[in-house]
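Protein chains get the first letters and strands the later ones, always in sequence-line order, with residue 1 at the start of each. Keep in mind that what you see is a predicted model, and the values were worked out from it rather than measured.
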There are 2 protein chains.
Amino acid sequence: MSQAVKSRRADQDARRTAILDAAAEVFFEQGYAAASIDAVIERIGGSKRNIYSMFGSKEGLFIALVTENARRLFDPLVNEGTVHKDLRETLTDFAIRLLHLFMSRRMAGVYRVVVSEAARLPDLAASFYRNGPDLAASWVADILAQACARGEIQVDDPKLAAQRFMGILRGNLYMEIVLDLSRPMDSAEIDNTARSAVDLFLNGVKTKS
Amino acid sequence: MSQAVKSRRADQDARRTAILDAAAEVFFEQGYAAASIDAVIERIGGSKRNIYSMFGSKEGLFIALVTENARRLFDPLVNEGTVHKDLRETLTDFAIRLLHLFMSRRMAGVYRVVVSEAARLPDLAASFYRNGPDLAASWVADILAQACARGEIQVDDPKLAAQRFMGILRGNLYMEIVLDLSRPMDSAEIDNTARSAVDLFLNGVKTKS
DNA sequence: ATTGACTGGTAATCTGCGTTACCGTATCAA
DNA sequence: TTGATACGGTAACGCAGATTACCAGTCAAT
């Protein structure tokens, strides 16, 4: 019996992730309002009934979609952030991973829909920001505060400095990606960009000597 | 007769700007898809017929709306950019004006709808970017290239440096504004932010001495 | 003053889509 | 095996909103 129950639950989970995958394609491609439940169902077969019993409504599906994708995208960034002995190395490492994240199609998709629905779903926007970019900035701010305490750099406000570091990394390129005007960088370009961005930042905050 | 024609044209123009103003409220508030022509008309009275004869379609109205707003927003930024003798002063000046722009409700509104419709209207997204952020970056890049030629700073790629300068200015704050999570900065905060951002950037690119 | 063209308003049309009602079928306990 | 329960599918419902047809008032020129 537990066998049967288990396999049924497994089916449910598989179905759920299939729906979310299909929904990602549709919603991230076309935006919330233009996306239709029918379009989601077309990609995986089955019935709309299914979506409504699992997610309650179009909005419910959307919120689940954004929440899970945001978590999956940002979790590794912060949790797998390794702190090296050398500040430059730590920041470069982070920069590379942040740029990879920003260059991913999935990230651009999530960002686009969160932006466009922010007015209607403020809680979703807030949770995206706090569990994503803001969390990452806090992680960097910690690193910077420690380096500051060691006298390696001089920053008045570590959080602000961290946000500016992330700003250097994004530059205008992230806007180009979000607007779909530019091909994402490949790994080699990301490495170079990360390195020179860290150079600029560390020069900027270095203690005078 | 030319008198009469003129006043009729003036009426047309007044009507047109009234429509665009009302459309700005509706579209920037609710997004393209959720916005309705009816909602636009409700704010100024009159008839939908009006909008269709002037703009052809909902999409035509939207494109006119975005184009005109983008132009109005970015034109002063670049055209009134004054180049002082001192690089720091020039950049600080620019920074203050860019931050004021980014803090404006109107700018956030335009950016939100451009992002959310970028996939469906790629030309609109491209023209927004090229006549806006990219143009501004080019202006800064020029300034930087000149300073570099004078030996005041050391940058390999002035355009990239300019984009990074703009990135420092935005930090994460612009995302907070776009997601409606944060109150825009007031003038005093903008001044301070601009100054410390310019400090960071100029330290970062200063020629070693 | 009259005619003719045009601007603007009301109200219908038509489509697309979120949501739900209803029905067949498969699963599981007894 | 059988009855009950719940799941999935089909097809309809209802609504919202873009677009348009048609009508009335208005202004200019003769």
Side-chain angles (χ1 to χ4, degrees), chain A residues 1-23 25-66 113 116-117 120-121, chain B residues 1-23 25-66 113 116-117 120-121:
Chain A
M1 166 212 166
S2 97
Q3 194 59 260
V5 167
K6 201 164 155 197
S7 87
R8 176 170 282 187
R9 174 153 305 172
D11 280 1
Q12 288 271 346
D13 282 1
R15 187 97 192 128
R16 185 187 158 89
T17 62
I19 291 176
L20 286 174
D21 280 351
E25 289 182 36
V26 175
F27 281 82
F28 295 157
E29 198 83 18
Q30 322 192 358
Y32 176 79
S36 78
I37 303 281
D38 284 322
V40 176
I41 284 303
E42 265 175 23
R43 318 216 162 200
I44 50 168
S47 134
K48 293 198 261 186
R49 204 44 216 274
N50 224 314
I51 288 179
Y52 280 90
S53 61
M54 280 197 208
F55 299 99
S57 67
K58 184 183 183 181
E59 192 171 298
L61 171 61
F62 179 70
I63 290 174
L65 174 70
V66 170
V113 295
S116 63
E117 300 306 313
R120 226 170 40 82
L121 303 171
Chain B
M1 166 209 171
S2 99
Q3 193 60 259
V5 167
K6 202 163 153 199
S7 87
R8 180 171 280 190
R9 175 152 304 174
D11 280 1
Q12 287 272 347
D13 281 0
R15 186 94 192 130
R16 184 186 158 89
T17 61
I19 291 176
L20 286 174
D21 279 352
E25 288 182 37
V26 175
F27 281 81
F28 296 158
E29 198 83 19
Q30 321 192 0
Y32 177 79
S36 77
I37 303 281
D38 283 323
V40 176
I41 284 302
E42 265 175 23
R43 317 214 164 204
I44 51 169
S47 135
K48 295 199 255 189
R49 203 43 217 273
N50 224 312
I51 288 179
Y52 279 90
S53 60
M54 280 197 208
F55 299 100
S57 67
K58 184 183 182 182
E59 192 172 297
L61 171 61
F62 180 70
I63 291 174
L65 174 70
V66 170
V113 295
S116 63
E117 300 307 312
R120 225 167 43 80
L121 302 172

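- Among the protein residues, Ala35(A) comes within range of the sugar-phosphate backbone only, with heavy atoms under 4.0 Å from sugar or phosphate atoms but none that close to a base.
- Comparing atom distances between the Ser36(B) side chain and each of dG17(D), dT19(D), dT10(C) picks out dG17(D) as nearest.
- Separating the CG atom of Leu61(B) from the P atom of dG17(D) is a distance of 16 Å, rounded to the nearest angstrom.
- Put simply, OH on Tyr52(B) is 18 Å from P on dT7(C), counting in whole angstrom units.
- Summarising the geometry of Phe27(B) relative to Val40(B), their closest heavy-atom pair is CE1-CG2, 4.0 Å, with the distance given to 0.1 Å.
- At whole-Å resolution of the value, CG in Asp38(A) and C1' in dT10(D) are 12 Å apart.
- Contact record, Tyr32(A) with Arg120(A): CE2-NH2, 3.0 Å, taken as the closest heavy-atom pair.
- Put simply, CD1 on Ile37(B) is 19 Å from P on dT15(C), counting in whole angstrom units.
- Listed nucleotides dA18(D), dG8(D), dG18(C) differ in distance to Asn50(A); the shortest reach to its side chain belongs to dG8(D).
- Of all nucleotides listed (dA21(D), dC22(C), dA11(C)), dA21(D) comes nearest to the side chain of Arg49(B).
- Here the closest heavy-atom approach between residue Ala22(B) and residue Arg43(B) is recorded as CB-CB, 4.1 Å.
- Counting atom types as modelled, Ser47(A) pairs no side-chain N or O with a base atom of dG8(D) as donor and acceptor under 3.5 Å.
- In this structure, Arg15(B) atom CZ and dT7(C) atom P are separated by 13 Å, rounded to whole Å.
- For the pair Ser47(B) and Asn50(B), the tightest heavy-atom approach, listed with the atom from each and the gap, is O-CB, 2.9 Å.
- In this entry the distance linking NZ of Lys48(A) with C1' of dA12(D) reads 10 Å, nearest Å.
- As rounded to whole Å, 12 Å separates atom C1' of dT7(C) from atom CD1 of Ile19(B).
- Minimum heavy-atom separation, Arg15(A) to Gly46(A): NH2-CA, 3.6 Å.
- Here dT19(C) presents its P atom at 13 Å from CD1 of Ile41(A), a figure rounded to the nearest Å.
- Heavy atoms of Ser57(A) sit under 4.0 angstrom from primed sugar atoms or phosphate atoms, though from no base atom.
- Counting any heavy atom pair closer than 4.0 Å across all strands shown, Ala34(B) reaches no nucleic acid atom.
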